[in-house]
Amino acid sequence: MDIHFLGGATTVTGSRFLLTTSRATVLIDCGMFQGSPNESIRNRIPLGFDPSTLHAILITHAHLDHCGLLPVAVREGYAGPIYLTAATAELANLVLLDSGRLHEEFAKRESRWEARHPDRAIVEDREKAAGYVAALGTARAAHLPAAADPATPSATGGGASVAADGGASPAATPATDAGGASVAASGEAGPGTGVPHVPPADVPNVPDGGEPIQPAGPGDPKAAGIDDLGDPEDLQFAAGSIRSGEHVATSIGPDGRWMDRPIRDPEAELRAQRPELLIDLDAPLYTEKQAAAVMPLFRPIRYEQELEVAPGVHATFFDAGHILGSAIIRLRVEDADGRGERILVFSGDLGRPGTPILRDPTPMTDADYVFVESTYGGREHDPEVEAVRALAEAVREVDKAGGVLLIPSFAIGRTQEIVWELDRLIDRGEIPLLPLYLDSPMASKASDIYRRHPETYDEETATILAAGGTPLDYPDQRITNKLDDSKAIARSPRPYMIVASNGMLTGGRVVSHLRELIDDPSATILFVGYQGVGTLGSHLQAGATTVKIDGQARQVRCRIRSISGFSAHADESELLDWLRGFAQGGTGRQRGSAGYPRRVFLVHGDPEAQIALAPKVTALGFDVHVPRWHEQVQLD
């Protein structure tokens, strides 16, 4: 039995874990890499396995970084069941269709831009191609043998396959895509070392999409090896001016220089050369029609109901408290090797205890292997009371200035929580009743889905609902589904508030509002969630005084505020509390006893967060491993 880390490894996004036994192959999550172009280019890398041979796909929740590549897997041959909760099925339908539509729209805009700027288009395409080659090299390197790290005898250094007992074994991841489109390190601690091996500083970060190449190479998922990724020497990239009607094949010469040559007769050229894969990094990752093909494969599963999803693989979904329908997935795996069953627990994204609307994350107590997110390793959120106080203060500040409060927010989860808190503040008389523009058609649809699933609500929200309250609505909310209505907001009488997607300012309607407000001293931009490395949101949050919007330099004169207490992710203390349940799950439990994890894998985190979190997890008594992207680990 082994696990292949195809995403979510030293990155926050791109969640994709391939479990292989002698009886079955199961994919846990099929997520999209999101963030800067250097990160989202990874979506163009072949999947690393043949989707047609998978027995099942399991999805933890409906954020794109956990389900966004499902259309690619289905397009490339997957026709089996996709298990997820009923609420996740509804939300995933929404976000995948939107993602496919946005990819198509961006490809059209990119075509028009290339037609107007043919010279710059070639330069940009070369940069994208170089990023693709670099990402492919990183993925392939994880499959090559590597010497053990002399400083940590149990580590494998270069990402070679490692056995879960600590020894090396034979060679056994909306946001921005590669072209700027808006779309919705190996290490382990051997027993007793106390210090996990962590990746070198040049391991790329990937925070909170993107695009893979059209055909993924065929391959056996039970091998899931280097041959499934393609050879850089076989690659050709489409580049150049679309207006001219002539593509230029861009290749890398033996001396590392770029070579351009017009393709006069592609068929003759292909016959004369070794097979090459022509990759158009400007093509849509997938279309809306391809996204629609995913939905018929959804198989909703209830919380806490065990189901055999593949031969010898029994899955149970538990409430993760992250967004509506989110799940912790527990796998009870029986291999044919006679070693008995193994319990694997995948945290997905863990929510925070005590947050509004949804129930708290389910405590877990037994596992052989735990795969836990580490997004907020090394960081603590503001207490809830402080977050609510800061939100109220921002509203009052904008009211006094006669300005605008712009809250970039992801459509699913964060928007509903912000509306819930504003409604409570109005009930308590702590803020003035300003107009609230909910400028996100997806958020509006997501809120409707939230209303259809009251069975997921926590006790407080259920009580408000039972008393006739409207916890998901604000008294003076104005929903702007039409684009013309969105544009008209700027002409509305001030003061007012806007909640718009997406949360990191990498695209969506929120960017149009930012364009109007960036140099307005009476406006406030209030960040209420994670800002991915390299995003416009992260630059503003870090204090940038000048930013580029639509390619134009703009001075930042608006106020920038941040609140961390509204995060849908558990912070470091909350992650450790959840993990502590595995150590305390039984009387007198200790290392080696039944139910005590043999290893904890830190996933879904930037290297800095994992470096901070790993020693604290080790201090709980667990062996810790921080996997590299495409690393394969044997689970014995």
Side-chain angles (χ1 to χ4, degrees), residues 356 381-410 414-440 443 470-480 485-505 509-529 531 536-547 549 554-567:
H381 297 314
D382 294 335
E384 181 186 1
V385 63
E386 172 59 25
V388 174
R389 185 204 63 76
L391 176 62
E393 184 179 278
V395 175
R396 292 192 294 265
E397 184 180 65
V398 164
D399 178 53
K400 183 178 179 180
V404 177
L405 176 62
L406 175 61
I407 305 177
S409 179
F410 288 105
R414 194 62 43 78
T415 293
Q416 290 74 31
E417 184 177 351
I418 292 299
V419 170
W420 192 98
E421 292 291 3
L422 289 171
D423 191 46
R424 303 286 76 68
L425 287 169
I426 289 291
D427 286 347
R428 296 195 297 267
E430 296 182 27
I431 60 172
L433 182 58
L434 302 186
L436 172 64
Y437 292 93
L438 296 177
D439 193 24
S440 170
T470 55
L472 294 176
D473 295 289
Y474 176 83
D476 191 12
Q477 68 184 27
R478 307 176 186 190
I479 298 172
T480 52
D485 293 337
S486 173
K487 293 177 179 178
I489 294 174
R491 301 189 296 272
S492 300
R494 298 185 175 194
Y496 57 82
M497 302 179 290
I498 307 171
V499 175
S501 296
N502 68 34
M504 292 190 287
L505 300 178
R509 292 184 178 181
V510 70
V511 177
S512 297
H513 297 300
L514 182 69
R515 188 183 298 118
E516 297 286 337
L517 301 172
I518 191 71
D519 51 10
D520 183 348
S522 68
T524 297
I525 313 299
L526 179 63
F527 293 106
V528 293
Q531 300 302 306
L536 178 55
S538 70
H539 290 305
L540 287 171
Q541 202 172 50
T545 57
T546 303
V547 296
I549 301 177
R554 300 283 298 274
Q555 285 193 312
V556 180
R557 294 191 177 95
C558 62
R559 290 183 292 267
I560 305 295
R561 301 282 186 268
S562 297
I563 302 175
S564 71
F566 290 124
S567 174

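Since we're looking at a predicted model, the values are computed, not measured.
- A distance of 6.0 Å separates CG in Leu422 from CD1 in Ile407, rounded to the nearest 0.5 Å.
- Residues Ile426 and Leu433 meet the side-chain proximity criterion, which asks for heavy atoms closer than 4.5 Å.
- A distance-only check finds no donor-acceptor pair linking the side chain of Arg494 to the backbone of Val404 [under 3.5 Å].
- No donor-acceptor pair under 3.5 Å is formed between the side chain of Tyr474 and the backbone N or O of Leu438.
- Side chain of Ser501 to backbone of Ser409: a donor-acceptor contact under 3.5 angstrom is found.
- Remark: the Tyr437 side chain and the Ser486 side chain contain no N/O donor-acceptor pair separated by less than 3.5 Å.
- A donor-acceptor pair under 3.5 Å is formed between the side chain of Gln531 and the backbone N or O of Gly529.
- Residue Ile560 holds its CD1 atom at 5.5 Å from CD1 of Ile525, rounded to the nearest 0.5 Å.
- Note on Asp399 versus Arg396: no salt bridge recorded, every NZ/NE/NH1/NH2 to OD/OE distance being 4.0 Å or above.
- With hydrogens and angles disregarded, no donor-acceptor distance shorter than 3.5 Å links the side chain of Glu516 to the backbone of His513.
- For the 3.5 Å distance criterion, the side chains of Ser562 and Gln541 qualify, holding a donor opposite an acceptor.
- A salt bridge links Glu386 with Arg389: the closest approach of a Lys/Arg side-chain nitrogen to an acidic carboxylate oxygen falls below 4.0 angstrom.
- His381 contributes a side-chain N or O that, together with a main-chain N or O of Ser564, makes up a donor-acceptor pair within less than 3.5 Å.
- Using a 4.0 Å cut-off between charged side-chain N and carboxylate O, Arg478 and Asp476 make a salt bridge.
- From Leu526, atom CG reaches atom CD1 of Ile498 across 12.5 Å, with rounding to the nearest 0.5 Å.
- In this structure a side-chain-to-backbone donor-acceptor pair under 3.5 Å is missing from Thr546 to Gln555.
- In terms of modelled atom types and a separation under 3.5 Å, the side chain of Arg559 and the main chain of Pro521 share a donor-acceptor contact.
- With salt bridges taken as basic N to acidic carboxylate O contacts below 4.0 Å, none links Arg557 and Asp520.
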